[in-house]
Amino acid sequence: MKRIITLTLAFTLAGFSLFAQQTRETNTHKKGNDMQHGQMKAMMKDVNLTEAQKTQLKANREANKAKMDALKKEENITVKEMNQRKAALQQEQKAQMEAILTTEQKNKIAANKSAMQAKRTEMGEKKAAMMKEKLGLSNEQAEKLKAQNQEAQAKIKAIQQNETLSMEQKRE
């Protein structure tokens, strides 16, 4: 009887330990890609692309993706050269997109970008107010944090708009 209980217990423990060691499928989260997709969707809202424009944009996107994939497979180039080529491909894709869009569509995209920026600013202000309340900050402390945040945002914007830096340098 003891032997049966011992064996049962041993198998149970072995089963649990195997289950614990089993590699679980993790959700491959692509927050950056999802976020970019959401931003692109918001920017293109109410732009009213024609079917021909949609087809042309899709063809351009696929061609540029193929070029980017080919670039990633090249092994005998430096990181700096790869980053320069990536930036050139991105600029080329942007130019192709702008060539397809009408002036009215470009204006609508610019208006959507502005609306997104205003919404981001509003959300930042709400977040700051919540943080002030939650942490019990004085008005002086909240103003200092706000000034530091604005200074950081200005630096980020300057880096983003600097055309002499590569994407990798901007990330650093």
Give the C-alpha distance, both sets of side-chain angles, the deciding distance and a yes or no for salt bridge (charged side-chain N to carboxylate O under 4.0 Å, His left out) between Glu104 and Lys108. CA-CA 6 Å; Glu104 184 180 300; Lys108 183 63 179 171; over 6 Å; no
May I have the step-by-step check of salt bridge (charged side-chain N to carboxylate O under 4.0 Å, His left out) for Glu74 and Arg85, ending in yes or no? CA-CA 11 Å; Glu74 286 190 33; Arg85 288 186 186 177; 2.8 Å; yes
Charged N to carboxylate O below 4.0 Å: is that the case for Lys65 and Asp69? yes
Rounding to 0.5 Å, atoms OG (Ser114) and NZ (Lys119) come to a distance of 14.5 Å
Heavy-atom closest contact (Lys67 atom, Leu89 atom, distance): CD-CD2, 3.7 Å
Report yes if the side chains of Lys58 and Arg61 come closer than 4.5 Å at any heavy-atom pair, otherwise no. yes
I'd like to check Ile77 versus Leu71 (side-chain heavy atoms, cut-off strictly below 4.5 Å). Are they in contact? yes
Under a 3.5 Å threshold, yes or no: a donor from one side chain and an acceptor from the other, between Lys132 and Asn139? yes
Quick check: do Arg120 and Gln117 have side-chain heavy atoms less than 4.5 Å from each other? yes
Shared ILVMFWY cluster between Met116 and Leu101, side chains joined below 4.5 angstrom? yes
Output yes when Lys126 and Glu122 qualify as a salt bridge under the 4.0 Å nitrogen-oxygen rule, no when they do not. yes
Would you mind reporting whether Gln96 and Asn64 have side-chain heavy atoms less than 4.5 Å apart? yes
Donor-acceptor contact below 3.5 Å, side chain Asn162 vs main chain Ala158: no
Considering only heavy atoms from C-beta outward, does the side chain of Thr78 approach that of Asn83 to under 4.5 Å? no
Between the side chains of Glu125 and Lys146, is the shortest nitrogen-to-carboxylate-oxygen separation below 4.0 Å, so that they form an ion pair? no
Go through the steps to decide whether Leu49 and Ile100 satisfy the test side-chain contact (heavy atoms from CB on, under 4.5 Å), and finish with yes or no. CA-CA 10 Å; Leu49 294 171; Ile100 295 169; over 6 Å; no
Will you find, in the side chains of Gln105 and Gln53, an N or O donor that is under 3.5 Å from an N or O acceptor? yes
Consider only side-chain heavy atoms of I, L, V, M, F, W and Y, link residues closer than 4.5 Å, and tell whether Met123 and Met130 are in one cluster. no
Atom NZ of Lys86 and atom CD of Gln90: how far apart are they, to the nearest 0.5 Å? 8.0 Å
Given side chains that start at C-beta, do those of Glu98 and Lys106 come closer than 4.5 Å, heavy atoms only? yes
Lys170 atom NZ: more than 12 heavy-atom contacts under 6.0 Å: yes
Hey, does Asn60 have a side-chain heavy atom less than 4.5 Å from the side chain of Gln93? no
